[in-house]
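Everything numeric in this text was worked out from a predicted model, so none of it was measured.
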Number of protein chains: 2
Amino acid sequence: MSVNFEPLPFEPGYRRVASAIAARILDRTLRHGEPLPSELELAAQFAVNRSTIREALRELESADLVARRRGTKRMVVARPATDQVAGRMRHALTLNDVTVREVWAMLEVLEPPAAEAAARDRTPAALGKIKVAVDGYRTRNSSAQDVVDGVGGFFRAVAEATGNRVLPLMQEPLLQLLEAALRVVIDEAPPARSRIAGAQAKILAAIEAGDAATARLWMVRHVRDFRRGFELCRIDLDTPVPPPSPP
Amino acid sequence: MSVNFEPLPFEPGYRRVASAIAARILDRTLRHGEPLPSELELAAQFAVNRSTIREALRELESADLVARRRGTKRMVVARPATDQVAGRMRHALTLNDVTVREVWAMLEVLEPPAAEAAARDRTPAALGKIKVAVDGYRTRNSSAQDVVDGVGGFFRAVAEATGNRVLPLMQEPLLQLLEAALRVVIDEAPPARSRIAGAQAKILAAIEAGDAATARLWMVRHVRDFRRGFELCRIDLDTPVPPPSPP
DNA sequence: ATAGTATGATTGTCCGACAATTGATGGGCT
DNA sequence: AGCCCATCAATTGTCGGACAATCATACTAT
């Protein structure tokens with residue numbers, strides 16, 4: 001019987017430094033908003049070169065564990081924001097050739113319960129945000145960009161109204177992909193704009209009335225409508241979601 | 001009426017380099033598994049110093065767009081794996097003080113449709129993996145770690161059986177948080193082990209039989225059981241999920 | 001008090017260097 | 001010929017130092 005040894009994991013210095021700092025952030029020793037020591041000071045504390053510290057900082061920066069306030073030098077401890085994390089996940093999804101159908105299927109799972117929960121747990125402030133989103137879309141939906149923004153804004157407002165902070169994070173990458181797919185087809189389906197506005201109004205009314213069942217029902221229809229839109233445009237649902245456009 | 005100017009965005013070199021390489025990866029110019037040029041060559045191509053290239057590489061590495069095969073030097077283009085992306089999102093969730101209740105609510109949303117879809121779209125291979133997971137848990141559930149692994153493995157196998165590649169990615173951060181919470185309480189609730197095994201068996205049988213309704217029903221009970229477990233242990237569901245334990 | 005200025009600290013970038021490790025080359029052996 | 005091993009160039013990880021540009025602060029003049 002031979003004893004099997006795992007290969008000793010060699011971790012380069014920049015990674016050990018990054019892990020050490022990340023651990024301090026995650027266990028709240030370094031708190032949100034707190035400024036990090038300067039690079040030279042960190043280099044002295046860890047007894048490594050400043051270059052090593054800088055490579056570690058780039059890693060933490062990419063993970064959104066540290067950030068820099070606009071127009072300032074010192075880095076501060078950051079709390080990863082929704083869109084940042086979603087960007088990572090969107091990369092993963094596009095590189096795995098996820099299809100429009102898969103994204104849509106997840107929306108079909110997430111959104112009806114979200115509407116239901118929003119109708120139950122809405123607050124006046126959250127309800128106001130949904131109203132703003134619905135009104136904004138109704139008054140401004142001429143360009144494709146307007147439609148994409150309006151659709152995303154409505155879903156985001158509903159998700160926020162649930163009070164569950166996990167939902168916006170899970171939803172965000174899906175919305176980013178939906179927006180990318182929507183941008184391509186929105187001008188091919190003229191009646192889509194008004195159907196969207198109608199569904200949003202119905203859902204808003206149900207949420208305002210606290211009618212969870214109706215909110216869910218109309219959200220089911222609303223999500224299904226996106227699929228129908230793609231089908232009407234003869235878009236194969238099994239094509240991969242389009243890669244991010246270079247802005 | 002004052003004209004508002006956006007601040008001129010200054011992007012440091014390492015970020016521009018990272019963005020340029022990332023764009024090439026996302027538009028498939030650089031394909032999965034392809035080796036990157038050496039740091040010196042990249043420095044020559046971008047006309048910047050090697051230090052700048054290295055900082056950019058750390059950023060890409062942290063985003064899992066490039067990686068290094070173990071025991072090798074050259075970096076290769078990578079496809080972000082589920083657990084890597086999930087780690088980022090888990091950081092975001094813990095730093096936002098997400099509660100056990102919120103995580104559980106998302107599981108309640110995701111898992112029943114997952115079981116339903118698995119019963120519809122299962123393949124023999126995927127079904128086999130679920131069987132392995134269920135058998136593995138039934139035969140090895142003595143330590144808390146065994147239970148945690150078994151629970152996670154079951155959910156992962158079911159999610160994979162749906163054929164939707166988005167689901168495992170969305171589910172993974174939730175599972176990691178569930179596992180963290182479960183590790184704390186599993187030894188306080190002796191009957192939980194057998195209840196979990198029973199539910200897994202029912203769900204497996206329903207998926208094997210293609211009975212979507214029953215699969216969903218038992219998954220609802222299964223997920224609800226976790227909540228009951230926490231309540232029985234007098235765990236306040238509104239406590240934040242525990243931070244990652246330093247292994 | 002406000003505007004302008006001087007001063008020091010900090011970051012972004014560059015250059016050069018070196019040990020350790022890896023990939024490749026080529027020679028020797030069967 | 002094919003295989004194994006020694007040698008060597010290439011590459012990475014890390015270090016030290018350097019400098020311009022920018023930010024923070026204290027100080028000064030109006």
Side-chain angles (χ1 to χ4, degrees), chain A residues 5-25 30-31 33-78, chain B residues 2 5-25 30-78:
Chain A
F5 289 104
E6 293 292 319
L8 288 185
F10 167 70
E11 292 282 300
Y14 57 80
R15 190 178 305 285
R16 291 203 304 268
V17 170
S19 300
I21 299 178
R24 290 306 182 91
I25 294 176
L30 293 169
R31 281 175 308 175
E34 194 169 338
L36 248 58
S38 77
E39 296 176 352
L40 274 177
E41 195 169 336
L42 286 172
Q45 289 186 23
F46 283 104
V48 297
N49 193 273
R50 189 162 79 101
S51 306
T52 304
I53 294 292
R54 283 182 63 84
E55 293 187 30
L57 287 180
R58 293 299 88 75
E59 225 168 81
L60 296 171
E61 201 180 12
S62 177
D64 294 312
L65 289 178
V66 304
R68 200 188 331 276
R69 292 201 202 92
R70 195 186 59 81
T72 188
K73 277 194 180 300
R74 298 286 288 277
M75 306 263 277
V76 300
V77 176
Chain B
S2 71
F5 290 105
E6 292 293 318
L8 290 184
F10 167 70
E11 290 283 299
Y14 57 81
R15 189 178 305 283
R16 291 203 304 268
V17 169
S19 300
I21 299 178
R24 291 304 183 92
I25 294 176
L30 293 169
R31 280 176 309 178
H32 173 61
E34 194 170 338
L36 247 58
S38 76
E39 297 175 351
L40 273 177
E41 196 167 337
L42 287 172
Q45 289 187 21
F46 283 103
V48 297
N49 193 270
R50 189 162 78 101
S51 306
T52 304
I53 293 292
R54 283 180 63 83
E55 293 188 32
L57 287 180
R58 292 300 87 77
E59 219 167 87
L60 295 170
E61 201 180 13
S62 177
D64 294 312
L65 289 178
V66 304
R68 202 191 331 277
R69 283 193 277 265
R70 223 206 56 216
T72 187
K73 276 193 181 304
R74 300 284 287 277
M75 306 262 274
V76 298
V77 176

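In this structure, the CG atom of B/L36 is 16 Å from the C1' atom of D/dA10, given to the nearest Å. Between the CD atom of B/E11 and the P atom of C/dT11 there is a distance of 18 Å, given to the nearest Å.
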Between the protein and nucleotides 20-24 of chain C, list every N/O to N/O distance that falls short of 3.5 Å.
unit_1 : atom_1 : unit_2 : atom_2 : d
C/dG23 : OP1    : B/T72  : OG1    : 2.7

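One distance of note links CD1 of B/I25 with CG of B/L36; it measures 6.5 Å at 0.5 Å rounding. The distance from the CG atom of A/L57 to the OG atom of A/S62 is 12.5 Å, given to the nearest 0.5 Å.
Residues passing the side-chain contact (heavy atoms from CB on, under 4.5 Å) test with B/R69, sequence neighbours excluded: B/T72, B/V76. For A/S38, the side chain to side chain donor-acceptor pair (under 3.5 Å) test picks out no residue, with sequence neighbours left out.
Remark: side-chain polar atoms of B/E55 are not paired, donor with acceptor, to backbone N or O of B/T52 under 3.5 angstrom.
Taking a 4.0 Å limit (strictly below) on heavy-atom distances, residues 38-57 of chain B reaches DNA chain D at B/S38, B/E39, B/R50, B/R54.
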Using a 3.5 Å cut-off and no angle test, enumerate the donor-acceptor pairs between side-chain atoms of residues 12-24 of chain B and protein atoms at least two apart in sequence or in another chain.
unit_1 : atom_1 : unit_2 : atom_2 : d
B/R15  : NH2    : A/E61  : OE2    : 2.7
B/R16  : NH1    : B/E11  : O      : 2.6
B/S19  : OG     : B/R15  : O      : 2.9

For residues 39-47 of chain A, which side-chain donor-acceptor pairs fall under 3.5 Å, sequence neighbours excluded?
unit_1 : atom_1 : unit_2 : atom_2 : d
A/E39  : OE1    : A/R50  : NH1    : 2.6
A/E39  : OE1    : A/R54  : NH1    : 3.2
A/E39  : OE2    : A/R54  : NH1    : 2.9

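For C/dG12, the OP1/OP2 oxygens have a side-chain nitrogen or oxygen of B/Y14 closer than 4.0 Å.
Among the heavy atoms of the strands lying under 4.0 Å from B/R68 are primed sugar atoms or P, OP1, OP2 only; no base atom is included.
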